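To keep things clear, I will list the structure first and then write my remarks on it.
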Amino acid sequence: MPKVIVTTSWDDGHKLDLKLAELLRKYDLKGTFYVAPENREFKREDLLSDFQLRKLSQEFEIGAHTMTHPRLGKISAAKADKEIRESKEYLEKLLEKPVTSFCYPGGSYTFLNVQQVKKHGFTLARTIDRFSMNLSDTPLELPTSIHTYSHRSDAVKIARFANLDPEKTAIYYKHWEILGMAMFDKIKEEGGVFHVWGHSWEIEECQFWERLEKLFAHISGYGDVEYLTNGELV
Ligand SMILES: [Zn+2]
């Protein structure tokens, strides 16, 4: 039997993560929530409170996502180091447990940032790279399988995944959840890791909740599939 792993991750620490957690719970899926406690891209009242974070961490993994959500590859090394270190300290103090997974905001990072993440004790750091279907040998630059969003720039990769079948390509291009199901089916057959990630605020904005639930229903409930948090991958 090929080994099949399913993991999920959700970025930014928005209050709608609670709705996402509910859906994960419904389908018995594990997840990692990457939180930037002072995320400047949202109003304070739209972010999870400390109390909500503590509660969420009883059931799910909480990972660090810097303090204010800057693009690490575009700020000074000193500023990046501070953002990485402080987010770990803040969350560990709040949750009273080690925080070992990290996610680069906007997928922006340099080689130096990878070293900084390692130096501060993270054992895993997720990127926004897609179309990975195997266990990664670069845990500090962990790729994903699919983002819960349709990327125009993925057309070539989608066509390749669909073996250049024009009908399948068109459907996968329009419906990320159907692409996700097909990826999972391939992994289920051949072994590997299916990693779905997204943003609860984006799912709300794009009205993708039904699509997400369809994908969750499809990938859950298999006795021979290992359901893990991101941190449990390493
Ligand atoms: Zn983010």
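For ligands, and for the atoms within them, numbers begin at 1 and follow the listed sequence. Position 1 is the first residue of the sequence; numbering continues from there. Since we're looking at a predicted model, the values are computed, not measured.
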Item to complete: Check all N, O or S atoms of Asp12 and name the one closest to the Zn ion (ligand 1).
Response: OD1
Item to complete: Tell me whether the guanidinium CZ or amine NZ of Lys188 lies under 6.0 angstrom from the six-membered ring centre of Tyr222 and within 45° of its axis.
Response: yes
Discussion item. Within 45 degrees of the ring normal and closer than 6.0 Å to the centroid, is that where the cationic atom of Lys88 sits relative to Phe122?
Written reply: yes
Worksheet entry | Side-chain heavy atoms of Thr127 within contact of Tyr104, under 4.5 Å | yes
Discussion item. Report whether any nitrogen, oxygen or sulfur of Cys103 sits less than 2.8 Å from the Zn ion (ligand 1) (N, O or S, backbone or side chain).
Written reply: no
Worksheet item: Does atom CZ of Arg160 have more than 12 heavy-atom neighbours from other groups under 6.0 Å away?
Response: no
Discussion item. Is His199 close enough to the Zn ion (ligand 1) that one of its N, O or S atoms comes in under 2.8 Å?
Written reply: no
